[in-house]
Amino acid sequence: MIMTDSIARINEAVGYIKGVVPQARPLVGIILGSGLGRLGDKITEQTVIPYGDIPGFPVSTVLGHKGVFIFGKLGGKPVVAMQGRFHFYEGYSMDLVTLPVRVMALLGVKYLFVSNAAGGINREFEIGDLMVLKDHINLMPNPLIGPNMDQFGTRFPDMTCPYDREFTQRAFQIAEEEGVRLRKGVYLATSGPSYETPSEIRFFSKVGADAVGMSTVPEVIVARHCSLRVFGMSVITNKANMDNDCAVLNDGADVVQKADASAKLMTMIFEKLIESIDNEQN
Ligand code: HPA
């Protein structure tokens, strides 16, 4: 797709949304991963917009994903949450995968909270653990390939610190206060949709990955390109299999079920972090 088409598509979506929720000034954008949609229930004063109603928006088809924007309040702040995201493995171009991030940025969002279900590579991780992203390894195509959209950001955006240090620190404070265990680690993104072979998992482990998944990194790169502050969390839904043990197979339904059990905790952390955003800084 040529750039002018992409920009027209973004603007058309923004125009439609502003028509439906003219008063909405979301400060925080939230992307809910597989099985993590229940955070949406905590949002008050809701206006729900199905992606299918928005001109230019694709409709997500995957298990555990709904396909709506929820505008409203969480932790006392105006937010917009995406229940359902677009995955590269569904066949969408990177422009479409990341379209909602640019739309949220133009709606005024300054912070992006991302979540996903991921396979644990770090052997200390248990199923159901929550991992705060401290960094990522991108093995997908870069979503910024193509002419640079100068109105959003620079040609060569810095990626030294993609995940906000302050939010990370605060998340660990909250976990300590609440007596819950949080992990911290590096998220490696593959295109999927096939799960990894044991040799691939051993390789990812050697290069420093703690968890693996098929999403999030494109949205984070585009968010950093337009200077949003990012906080990310994975729910470890399975142990990525390094051992060629053919009795332990990956299964998408399992991913959704395990994510649900930890979604409550993640929701609490997101809510408290959003509550802690200093109004003076906005
Ligand atoms: N691999 C890739 N993506 C995933 C996994 C996994 O093991 N679990 C949840 N998403």
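Counting convention: from 1, in listed order, for ligands and their atoms alike. None of these values were measured; they are calculated from a predicted model.
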Under 4.0 Å from one or more heavy atoms of A117, ligand 1 contributes atoms 9 (C), 10 (N)
### Query
Should N116 and S215 be marked as a side chain to side chain donor-acceptor pair (under 3.5 Å) after you check the CA-CA gap, both sets of side-chain angles, and the distance that decides it?
CA-CA 7 Å; N116 58 57; S215 68; 4.5 Å; no
Fill in: Close N or O approach (N238, ligand 1; < 3.5 Å)
yes
- Message: Would G119 count as a polar contact of ligand 1, with the cut-off being nitrogen or oxygen pairs under 3.5 Å?
- Response: yes
Review point. Side chain of R123, backbone of G120: donor and acceptor closer than 3.5 Å?
Key: no
Atoms of ligand 1 under 4.0 Å from any heavy atom of M214, numbered from 1 in the order shown, are 2 (C), 3 (N)
### Message
For a 4.5 angstrom cut-off between non-hydrogen side-chain atoms, does V101 reach H225?
### Response
no
Geometric cation-pi criterion R183 and F125, 6.0 Å radius, 45° cone: no
Checklist line | Aromatic plane relationship, H87 with Y89 - under 30° parallel, 30 to 60° tilted, over 60° perpendicular | finding: parallel
Point to revise | Proximity flag A118 to ligand 1, non-hydrogen atoms under 4.0 Å | key: yes
Within 4.0 Å of some non-hydrogen atom of T237, the atoms of ligand 1 are 8 (N), 9 (C)
In ligand 1, the atoms that come under 4.0 Å of a heavy atom of E196 are 1 (N), 2 (C), 6 (C), 7 (O)
With heavy atoms and a 4.0 Å threshold, my read on which part of V212 contacts ligand 1 is both
> Is it true that the side chains of S199 and R202 contain a donor and an acceptor less than 3.5 Å apart?
Replying inline: yes
